[in-house]
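One is the number of the first residue; the rest follow in order along the sequence.
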Amino acid sequence: QEDYSSASEYYQAYIRNYPKGRYIIEARFQVGHCYYLDSPDARLDQTETKKGIEFFTQFVELYPESPYAEQAYKEMGELLDKLAYKEYLSAKLYYNLGTYLGNNYLSAEITAKNALKDYPTNKYQEELNWLILQAKYQQAINSVDARKKERAIEAEDEYYSFVTQYPESKHIAAAERIHKELQKITETK
């Protein structure tokens, strides 16, 4: 009936009432699976997603050899990617706000870096790194003259990191354009 919240509660009741029961392994897996199925779109509250990750983590620690372990890892990875995507959307929002009511480019950079740190194996790494490069570039060109060169050098470092890490990226041409603009700033006295 796709009432995953109720199903999760029933599985958790089974776990509490029959901790050594015949179906305990399946019940523990199903709790995480119910949260996985109930996990909403990345733009919404991610409470169920976080609970799913928590239950899957406990499951694979308790039953690493279980026949459900591979599926638990797969679904947990998808849930972690969803959280990383949520962070990407937040960073993108900050970037799109630009200089509205302050330096939102710095906020975009920090949010993207935190997403990379918190979810190191997510599938949005290239997009997050691209956003960081764009944010650093915008900070450099919108900077006061006294800090412009310093920030341009930092953005150039980010450019070199990006092209080294993603030489086949769809953003390479745009990154090259950014690099040329940064060179104009760094080569001035």
Side-chain angles (χ1 to χ4, degrees), residues 32-33 35-36 38-62 64 69-143 147-172 174-179 181-182 186:
H33 185 65
Y35 283 119
Y36 167 79
D38 206 25
S39 177
D41 183 77
R43 292 174 285 244
L44 302 174
D45 178 50
Q46 295 300 305
T47 302
E48 282 78 16
T49 305
K50 291 174 183 174
K51 286 180 182 178
I53 292 167
E54 179 184 330
F55 277 95
F56 280 139
T57 302
Q58 290 172 3
F59 178 79
V60 295
E61 287 175 1
L62 290 170
E70 187 177 331
Q71 186 176 355
Y73 278 118
K74 178 186 167 288
E75 291 180 5
M76 184 168 45
E78 290 177 25
L79 294 176
L80 288 166
D81 280 346
K82 187 177 283 190
L83 293 178
Y85 185 63
K86 184 171 183 70
E87 291 298 310
Y88 170 73
L89 292 175
S90 296
K92 189 78 173 157
L93 175 63
Y94 282 125
Y95 181 82
N96 290 338
L97 287 171
T99 56
Y100 180 74
L101 297 177
N103 181 5
N104 291 299
Y105 295 120
L106 179 59
S107 300
E109 176 190 346
I110 291 169
T111 303
K113 283 182 175 180
N114 285 341
L116 289 169
K117 183 179 74 172
D118 293 343
Y119 312 105
T121 60
N122 76 75
K123 66 181 182 182
Y124 302 101
Q125 289 185 10
E126 181 180 337
E127 292 303 315
L128 287 163
N129 280 298
W130 170 239
L131 193 57
I132 292 168
L133 172 58
Q134 289 178 297
K136 282 192 168 281
Y137 167 71
Q138 290 296 333
Q139 289 179 78
I141 63 170
N142 290 309
S143 186
R147 304 257 342 251
K148 190 171 277 209
K149 189 170 184 175
E150 172 191 342
R151 288 185 174 157
I153 291 169
E154 289 175 9
E156 267 190 325
D157 290 344
E158 196 65 42
Y159 159 79
Y160 288 120
S161 175
F162 182 81
V163 296
T164 301
Q165 203 168 2
Y166 307 103
E168 303 295 320
S169 173
K170 65 181 179 183
H171 303 294
I172 287 294
E176 294 297 334
R177 286 192 297 277
I178 287 174
H179 184 238
E181 292 297 317
L182 291 170
T186 58

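- A distance of 10.0 Å separates CD1 of Ile178 from NE2 of His171, quoted to the nearest 0.5 Å.
- Between Asp81 and Tyr124, the closest heavy-atom pair is O-CE1, 3.4 Å.
- Atom CD1 of residue Ile141 and atom CZ of residue Arg151 lie 12.5 Å apart, to the nearest 0.5 angstrom.
- Note that CG of Leu93 and CZ of Arg43 are 12.5 Å apart. Values are rounded to the nearest 0.5 Å.
- Judged as a salt bridge (Lys or Arg N to Asp or Glu O under 4.0 Å), the pairs with a partner in residues 127-137 (not counting sequence neighbours) are, in order, Glu109-Lys136, Glu127-Lys170, Lys136-Glu154.
- Atoms CG and OH, from Leu116 and Tyr88 in turn, are 12.0 Å apart once rounded to the nearest 0.5 Å.
- Here the two rings, on Phe162 and Tyr166, have centers that are under 6.0 Å apart.
- Side chains of Trp130 and Gln134: a donor on one and an acceptor on the other come within 3.5 Å.
- For Ser161 (side chain) and Asp157 (main-chain N/O), no donor-acceptor pair under 3.5 Å exists by modelled atom type.
- For Ala155 against Leu133, the heavy-atom pair with the smallest separation is O-CD1, 3.6 Å.
- In this structure, Lys86 and Leu44 approach most closely via the heavy-atom pair NZ-O, 3.2 Å.
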Step-by-step side-chain contact (heavy atoms from CB on, under 4.5 Å) determination, Tyr36 to Met76:
CA-CA 8 Å; Tyr36 167 79; Met76 184 168 45; over 6 Å; no
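- Across all non-hydrogen atoms, the minimal contact from Glu156 to His179 is OE2-NE2, 3.5 Å.
- Note: Lys92 NZ to Thr111 OG1 = 13.5 Å, rounded to the nearest 0.5 Å.
- Between Asp41 atom CG and Thr49 atom OG1 the span is 9.5 Å, to the nearest 0.5 Å.
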Begin from the C-alpha positions of Tyr159 and Val163 and carry the test side-chain contact (heavy atoms from CB on, under 4.5 Å) through to its verdict.
CA-CA 6 Å; Tyr159 159 79; Val163 296; 3.4 Å; yes
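- Contact between Ala84 and Asn122 at its shortest, heavy atoms only, is CB-CB, 3.5 Å.
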Please assess Asp118 against Glu87 for the test side-chain contact (heavy atoms from CB on, under 4.5 Å), listing each intermediate value before the final yes or no.
CA-CA 10 Å; Asp118 293 343; Glu87 291 298 310; 5.9 Å; no
Take Glu181 and Arg177 through the test salt bridge (Lys or Arg N to Asp or Glu O under 4.0 Å) and record every step on the way to the result.
CA-CA 6 Å; Glu181 292 297 317; Arg177 286 192 297 277; over 6 Å; no
Evaluate side-chain contact (heavy atoms from CB on, under 4.5 Å) for Ile153 paired with Lys149, printing each intermediate quantity in order.
CA-CA 6 Å; Ile153 291 169; Lys149 189 170 184 175; 4.3 Å; yes
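- Around the OH atom of Tyr95, the shell of radius 6.0 Å holds more than 12 heavy atoms that belong to other residues, nucleotides or ligands.
- Residues Glu48 and Tyr35 come closest through the heavy atom pair O-CB, 3.5 Å.
- Between Phe55 and His33, the gap from one ring centroid to the other reaches at least 6.0 Å.
- Using a 4.0 Å cut-off between a side-chain N of Lys or Arg and a carboxylate O of Asp or Glu, Glu78 and Lys82 do not qualify as a salt bridge.
- When atom types are taken as modelled, the side chain of Asn104 and the backbone of Tyr94 share no donor-acceptor pair closer than 3.5 angstrom.
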